[in-house]
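Letters A, B, ... mirror the listed sequences (proteins, then strands); counts begin at 1.
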Amino acid sequence: MQQKQVRTLKYDFKAIERKWQQRWESEALYRAPQIPSRDKFYMLVMFAYPSGDIHMGHFRNYIVGDAVARYQMMLGKDVLHPFGWDAFGLPAERAAIQRKLHPAQWTYKNIEVSRNTLKKTGISFDWNREIISCSPEYYKWTQWMFVQLFRKGLAYQKTGWVNWCPEDKTVLANEQVVNGACERCHTPVEKKELKQWYFKITDYADRLIDDLDRLPRWPENVKQMQREWIGRSYGAEIDFTIKGTGEKLPIFTTRPDTVFGVTYMALAPESPLVERLDMTSEYRDKVEKYRNEVLLRSEIERASATGDKDGVFTGQYAINPFSGEEVQLWVADYVLAHYGTGAVMAVPAHDSRDFLFAKKYNIPMKIVIHPDNQTALDPIEMTDAFTEYGVMVNSGIFDGSIGEEAIKKVTAYAAEKGFGREKKNYKLRDWLISRQRYWGAPIPIIHCPKCGQVAVPEDDLPVLLPEVENYLPKGHSPLADVKEFISVNCPQCGGKAERDSDTMDTFVCSSWYYLRYLDPGNEKEPFSRETAMRWMPIDKYIGGITHATGHLIYFRFFQKFLKDIGWVQDDEPARELFNHGMVMDPKGEVMSKSKGNVISPIDVMDERGIDIARLGMFFLAPAEKAVSWSEDVLTGVEKFVINRFYPLVGAYRGSNPNLKQYFKLSGLDDYSRSIYIKLNQTIKRVSEDYERLQYNTAISALMELTRDFDSDRIKDDQFNDYIIKKAILLMAPMAPHLAEEMWHECGETGSIFRAEWPRYDDSAVHFDTVKIAVQVNGKVRSEIELRRDASETEAVDAAMSDPRVRDFLDGKSILKKIYIPNRLVNLVVK
RNA sequence: GCGAAAGUGGCGGAAUCUGGUAGACGCGCUGGACUUAGGAUCCAGUCCUUUCCGGGUGGGGGUUCAAAUCCCCCCUUUCGCACCA
């Protein structure tokens, strides 16, 4: 009866959404205080690149954070949930070239469109704190960051071999080269020798690795990826000598215990040492020819050549300081210029790469490690190097030393003799941050013929981007062609000087934006120390896994640097990291503009309402899983909302119950008791699900509760209304408009998001009887009902007197009785 | 090649952290009710095989009274790294 009457209540989502979005706006519900006065919660989602409008992937990402923010509000915390735009970058320039717009026009127009869409979704962002990284008010402080790094010697210029994208005509950081190609346009990357700006992130390599252990709430895979990216390895540096010139040839090795097995040395083609070799003209020609050939190879070719290795003999020899032995000195492509010293000692018998190379060029092999004292290796029969630890042989005084112990001994000996030392090495390289493009923050440096590199004084920041005639990439920054921009007086000596014409990598902008949100209007500082002290660290940071070895390392680096110079207190910026899964199209393909399969949340929102779109997305799968979007999921949640959940307000009886009270189980009739227990179980489950961002199961718990709830069977009005209101509260973070509307229909006047999150009644999460399984030899044979926490004797007795069980016990003796309270009895018989 | 994660009905997924009645919740499907009609709503059913018994969480082995869950080997998929000496 109740249901029929209730069904006439129309779920007019459009009116509901409009009403509450306006109310929330006018009440400034999401406005976070400058300084929190209660427990704080900083909920951060990665800001967005404004490439067009918002799609399903954004939508999913942001509703996850939104539900967290709302849940935290209901837990009584001051919640900071800001949003902004990562607005510098190449696509704006491309659009500018194609459509003859200013990059700023294109960017701001996109921001406008996306912001409007986001506002329509009703996500609880505090829009007062919105930041746009390409605005002078923001990039002024990006430049300020550069200046601080420069002052500490952590921003510096050097000439080196860099990744060059011939399409975009700019240099790229290592992190932006994927499989030897430009991350953005997929053009194979070339190597060029150029003078560029770097941040000395390698100074922080140890802290960046070691502090990962202090982040228990970061996903293990991200931490592992960062460890490998930084790639710390321990070993020794040993100085070989070049015969003739006597120049030192230091090499890094993790296996000093194989040093007596060196049969040749190899230099990277790019190594400057190659030029200094005293080669005869015959060899010099060969080496030059080889070098030029190698440099023409693409990164892809060089990187993928894992099997085939080549090189050329220089005619020169190197001397092993341990044995005095002379070995051939080669130039080889497989030696990386940027790692270690750009040279290696080659031990074909104990290194797979050297093994292949030696086989190819018929270089001798020398065995200096045996697997153990019993087994000897035979070089003729070996098909690969023996690379494991073992016993040193043919190594003079070191013979018999084993593994790590051997490594220590050899290194100590070298140190004692002065031709070697312990050494740590990293794969991580310094972060190349200069770009030869227009749409970025100008590097705030002035090059003075007298004073050298001078930082722009802080009072003169920002260095504004000048207008330029066109944005076509030409291999140098478009800013270089603007005379009025370039020529400037030196801030130190007043003489004629020139501005640096490069702009910064956009990852610099995104390395500190989380701090600007704390104090976005501050004109005197990037942010006030007090806001940082009170709001940091970020409590939950949500974003895509794609940033694991880029942004998520950079921003940790910035945080550490800012701590070192006294601006923040914490070593780590984010306490917890959560990686959301991708949203694919229904066929399981990645959505992209070029494929034309981008799905917007707008259509679903228009047709069925925001909350149903949200619930559908939540219900589809746990938030960290990749999903294929399908409208099919909407059917279930829509039926649930329209037929079950929203009609709850029709069953509300206007009793205005006290929500802080608990009911006594003994005072309730059978049905009421069971629904009260169900309610408390649901509160427990839903709360736990919110904590771990598992919204799909939170929804199913609420579905069960509403399924079991039957107002007709409840006599007590207060009790009836109590259940309804608690259910609405539990739904609020996931379906905010719906819950707010229902909350008010139940007579409330304040926002549900200022109401208190339900706490479950610990004495009412269990029934006083339980159904437990009875197993015989581990197989379920029956089910019996017992009082909760029954004794073992009671349980076993009940189990053995069960007729079904008795059949299986017939004629057998009981060896063992296992009783797990409230779960099962297992009888082991024979 | 190295590293990580994951494999459960026709489908999305529960249960995995903490070993204890596998398949919650929903989609889809089947049958029924109500209807002029229904892509609406309601009710029932839905792992396989089936009276019972039995089998079943990618495959194989192990630990255990008991394994989707823990351990070992293998296969597959996804992601990351890709000559880092």
Side-chain angles (χ1 to χ4, degrees), chain A residues 3-4 7 178-180 219-233 235 251-255 258 266 268 300 302-309 332-347 350-354 356-357 387 425-429 545-546 548-549 579 582 615-616 619-622 624-628 630-640 642-643 685 692 694 696-704 707 771-783 807 815-829:
Chain A
Q3 293 283 329
K4 212 173 271 172
R7 217 170 292 133
V178 177
N179 292 327
E220 209 45 57
N221 60 339
V222 172
K223 289 192 278 187
Q224 196 53 33
M225 278 162 75
Q226 293 204 352
R227 280 186 200 107
E228 276 165 27
W229 187 264
I230 296 165
R232 178 168 58 191
S233 54
I251 54 87
F252 173 73
T253 178
T254 54
R255 296 296 302 275
T258 64
I300 301 177
R302 290 186 69 179
S304 64
T306 42
D308 199 39
K309 308 199 180 317
D333 193 15
Y334 78 95
V335 182
L336 303 174
H338 56 76
Y339 185 77
T341 60
V344 299
M345 65 176 213
V347 187
H350 304 293
D351 181 284
S352 299
R353 297 154 299 187
D354 301 343
L356 285 171
F357 193 86
T387 58
N425 243 316
Y426 307 89
K427 289 196 216 174
L428 183 75
R429 288 183 261 168
I545 184 80
T546 46
T549 54
N579 294 122
M582 291 231 290
L615 289 170
F619 192 55
L620 189 57
E624 71 273 13
K625 266 200 74 156
V627 294
S628 284
S630 156
E631 298 232 343
D632 293 350
V633 290
L634 296 171
T635 316
V637 291
E638 188 173 49
K639 281 203 276 193
F640 167 60
I642 294 176
N643 301 330
R685 277 171 66 182
R692 54 183 186 149
Q694 192 154 305
N696 56 332
T697 46
I699 292 170
S700 63
L702 283 166
M703 285 173 164
E704 286 182 40
R707 176 196 64 195
K771 283 181 182 156
I772 72 165
V774 181
Q775 298 181 334
V776 179
N777 288 340
K779 291 203 162 116
V780 178
R781 297 304 183 187
S782 189
E783 190 178 76
D807 291 345
L815 302 177
K816 205 168 179 182
K817 302 163 189 164
I818 289 133
Y819 173 53
I820 308 296
N822 308 319
R823 291 281 184 184
L824 57 66
V825 171
N826 187 12
L827 302 169
V828 185
V829 303

Taking only N and O in the side chain of A/Lys625, is any of them less than 4.0 Å away from OP1 or OP2 of B/G13?
-> yes

Determine the contact category for A/Val633: base if any of its heavy atoms lies under 4.0 Å from a base atom, sugar-phosphate if only primed atoms, P, OP1 or OP2 are that close, otherwise nothing.
-> nothing

Please report, rounded to the nearest Å, how far the P atom of B/G13 is from the CE atom of A/Met703.
-> 16 Å

What integer number of Å spans the C1' atoms of B/G1 and B/A15?
-> 37 Å

Could you tell me whether the side chain of A/Asp632 has a donor or acceptor atom within less than 3.5 Å of a complementary atom in the base of B/C27?
-> no

Proximal nucleotide (of B/G20, B/A85, B/A14) relative to the A/Gln775 side chain = B/G20

Parallel, tilted or perpendicular: ring planes of A/Tyr334 versus A/Phe357, cut at 30 and 60 degrees = tilted

Watson-Crick/G-U partner (both atom distances under 3.5 Å) of B/A67 = none

Should A/Thr258 and A/Asp351 count as side-chain neighbours, where that means a heavy-atom distance under 4.5 Å?
-> no

Using atom CD of A/Glu624 as one end and atom P of B/G13 as the other, report the distance to the nearest whole Å.
-> 11 Å

When both distances are under 3.5 Å in a Watson-Crick or G-U wobble arrangement, the nucleotide paired with B/A24 is none

Partner nucleotide, any strand, of B/U51 [Watson-Crick/G-U, under 3.5 Å] | none

Given the options A/Asp807, A/Val776, A/Val774, A/Arg781 meets side-chain contact (heavy atoms from CB on, under 4.5 Å) only with A/Val776

To the nearest Å, how far apart are A/Asn777 CG and B/G54 C1'?
-> 15 Å

Take the protein atom CG of A/Asn221 and the nucleotide atom P of B/C79, then report the distance between them rounded to whole Å.
-> 14 Å

Among B/G20, B/C81, B/C83, the nucleotide that comes nearest once only the side chain of A/Lys309 is considered | B/C83

In whole angstrom, give me the gap between the P atoms of B/G59 and B/U8.
-> 10 Å

Would the number of heavy atoms belonging to other residues, nucleotides or ligands and lying under 6.0 Å from CZ of A/Arg707 be above 12?
-> yes

Proximal nucleotide (of B/A85, B/G20, B/C81) relative to the A/Ile820 side chain | B/G20

Quick one: look up who B/A5 pairs with, Watson-Crick or G-U, both distances under 3.5 Å, and put none if it's unpaired.
-> B/U77

Rounded interatomic separation in angstrom, taking NZ from A/Lys779 and C1' from B/A67 | 14 Å

Rounded off to whole Å, could you give me the CD-to-P distance for the A/Gln694 and B/G13 pair?
-> 12 Å

Under 4.0 Å: is that the gap between some side-chain N or O of A/Ser233 and OP1 or OP2 of B/A85?
-> yes

Between A/Arg707 and B/C25, is there a side-chain N or O to OP1/OP2 distance below 4.0 Å?
-> yes

Report which part of the nucleic acid A/Val335 touches: base, sugar-phosphate, or nothing (heavy-atom distance under 4.0 Å, all strands).
-> base

Value in whole Å for how far the P atom of B/G39 lies from CD of A/Glu638 | 16 Å

Looking at A/Ile699, A/Val633, A/Leu702, which hits side-chain contact (heavy atoms from CB on, under 4.5 Å) with A/Leu615?
-> A/Ile699

Separation of the P atoms in B/U46 and B/G23, to the nearest angstrom = 12 Å

Would you mind calling B/G9 syn or anti? Take O4'-C1'-N9-C4 for purines or O4'-C1'-N1-C2 for pyrimidines, and syn is within 90° of 0.
-> syn

With heavy atoms under 4.0 Å as the rule, sort A/Glu220 into base, sugar-phosphate or nothing.
-> nothing

Mark yes or no for a side-chain to base donor-acceptor pair under 3.5 Å between A/Lys816 and B/C65, with no hydrogen or angle criteria applied.
-> no

Rounding to the closest angstrom, what is the interatomic distance between B/A68 and B/U30 at atom P?
-> 33 Å

With respect to the phosphate group of B/A85, does any side-chain polar atom (N or O) of A/Tyr339 fall under 4.0 Å of OP1 or OP2?
-> yes

Expressed in whole Å, how much space separates the C1' atoms belonging to B/C27 and B/G13?
-> 11 Å

Nearest to side-chain heavy atoms of A/Phe252, which nucleotide of B/C27, B/A66, B/A85 = B/A85

C1' atoms of B/C70 and B/U76, separation to the nearest Å | 22 Å

State whether the side chain of A/Arg255 and the backbone N or O of A/Thr387 hold a donor-acceptor pair below 3.5 Å, judged by distance alone.
-> yes

Check every strand shown and say whether A/Leu620 touches a base, only sugar-phosphate, or nothing at a heavy-atom separation below 4.0 Å.
-> sugar-phosphate

Length of the line joining A/Glu704:CD and B/A15:P, which is rounded to integer Å = 12 Å

Euclidean distance for C1', B/A82 against B/A4 (whole angstrom) | 15 Å

Of the nucleotides B/C81, B/A24, B/G20, which has the atom closest to the A/Lys427 side chain?
-> B/C81

Name the closest nucleotide to the A/Ala621 side chain, picking from B/G20, B/G28, B/G12.
-> B/G12

What is the nucleic acid contact for A/Gln226, judged by heavy atoms within less than 4.0 Å: base, sugar-phosphate only, or nothing?
-> nothing

Give a yes or no on whether a salt bridge exists between A/Arg692 and A/Glu624, defined as a side-chain N under 4.0 angstrom from a carboxylate O.
-> no

A/Arg823 vs A/Leu336, nearer the 5' end of RNA chain B by closest nucleotide = A/Arg823

Got a sec: does the NZ of A/Lys817 have more than 12 other heavy atoms crowding it under 6.0 Å?
-> no

So which nucleotide does B/U57 pair with, by the Watson-Crick or G-U wobble rule with both distances under 3.5 Å?
-> none

Which base, if any, makes a Watson-Crick or G-U wobble pair with B/U30, both distances under 3.5 Å?
-> B/A44

Within the structure shown, what part of the strands sits under 4.0 Å from A/Arg692 by heavy-atom distance: base, sugar-phosphate, or nothing?
-> sugar-phosphate

Nearest-angstrom distance, C1' atom, B/G19 to B/U57 = 15 Å

Please check the phosphate of B/A14 (OP1 and OP2 only) for any side-chain N or O of A/Asn696 closer than 4.0 Å.
-> yes

Taking only the side-chain nitrogens and oxygens of A/Asn643, find out if one of them lies under 4.0 Å from OP1 or OP2 of B/U41.
-> yes

Can you tell me if A/Asn822 uses its side chain to pair, donor with acceptor, with the backbone of A/Ile772 under 3.5 Å?
-> no

Has A/Arg781 got a side-chain N or O lying under 4.0 Å from the OP1 or OP2 atom of B/G54?
-> yes

